[in-house]
Amino acid sequence: MTFTTDKDQDHDHDHDHDHDHDHDWDEAHEGTAAYACKCVVSTSRSLSREEYHSLAKELMGAIADGCWEQGAQVIGHIKAYMESGDAFFYASTVGNPDDMTVKDKGGETSDKFQLTINSIIFGIEETKVKLATDKAVEAVISKNGFSLTR
């Protein structure tokens, strides 16, 4: 994924007021990597809502930590979607452990869930984002005694 910007560009926005914005993009935003993956996790039993929330936070933290270790400059976002039975869980972070969002739409869970992860990371190549993500997912899933199918 590549994007370009005109540094220090003045332009109009549709706001309730008129003014120019001065965009000062720093070097951290120059190299952008996006990565997405999908897998099925078998848990051998239905997990509770609280267990899904805890697992989502653990996944978000581990992926962010892995990206920081790979040299990330900025974590644009890391999002995870977990679908199990009639339940849907959503998690998001920008890399700060104190600023993670986990939400859900209730329902009955089953003994497996589909996990989808989307990330946009600045300052490292896609291969490093993939490595950090895959390694973190495998470690967290294994640590919790679950199995993973890609």
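- Both Ile117 and Trp68 are assigned to one and the same hydrophobic cluster, defined by single-linkage of ILVMFWY side chains at heavy-atom distances under 4.5 Å.
- Note that the OG1 atom of Thr116 and the NZ atom of Lys79 stand 13.0 Å from one another [nearest 0.5 Å].
- Val140 is listed as a side-chain neighbour of Asn144, based on a closest heavy-atom distance under 4.5 Å.
- Between Ala132 and Cys67, the shortest heavy-atom contact is CB-N, 3.6 Å.
- In this structure, Asp111 and Ser44 have side chains that are not in contact, with every pair of non-hydrogen atoms separated by 4.5 Å or more.
- The two residues Phe146 and Thr43 have their closest heavy-atom pair at CD2-CA, 3.6 Å.
- Atom CG of Leu148 and atom CD of Glu138 lie 6.0 Å apart (nearest 0.5 Å).
- Residues Glu51 and Arg45 are in side-chain contact: their nearest non-hydrogen atoms beyond the backbone lie under 4.5 Å apart.
- Lys128 is linked by a salt bridge (Lys or Arg N to Asp or Glu O under 4.0 Å) to Glu125, counting only residues two or more places apart in sequence or in another chain.
- Leu59 and Val102 fall into different hydrophobic clusters, where Ile, Leu, Val, Met, Phe, Trp and Tyr are joined by side-chain heavy atoms under 4.5 Å apart, directly or via other members.
- The structure places NZ of Lys38 at 10.5 Å from CG of Leu115, a figure rounded to the nearest 0.5 Å.
- In this structure the side chain of Ile63 never reaches within 4.5 angstrom of the side chain of Tyr35, judged on heavy atoms.
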Report, one line per pair, each donor and acceptor closer than 3.5 Å where one atom sits in a side chain of residues 86-99; sequence neighbours left out.
from	atom 1	to	atom 2	distance (Å)
Thr93	OG1	Gly95	N	3.0
Asn96	OD1	Asp98	N	2.9

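- Checking each of Ile120, Ile124, Ile121, Val129 against Thr32 for a side-chain contact (heavy atoms from CB on, under 4.5 Å) leaves exactly one that passes, namely Ile120.
- The list of ring-ring contact (aromatic ring centres under 6.0 Å, His included) pairs with a residue in residues 94-114, not counting sequence neighbours, reads Tyr52-Phe113.
- Considering CD1 of Ile141 and CD of Glu58, their distance stands at 8.5 Å, rounded to 0.5 Å.
- The CD atom of Gln70 sits 12.0 Å away from the CG atom of Asp65 when rounded to the nearest 0.5 Å.
- Distance OG/Ser119 to CD/Glu126: 10.5 Å, rounded to 0.5 Å.
- Between Met60 and Met100, the closest heavy-atom pair is CB-SD, 3.8 Å.
- Put simply, the side chain of Ser84 gets close to the backbone of Ser110: a donor and an acceptor are under 3.5 Å apart.
- Within the 4.5 Å cutoff, no side-chain heavy atoms of Met82 are placed close to those of Leu47.
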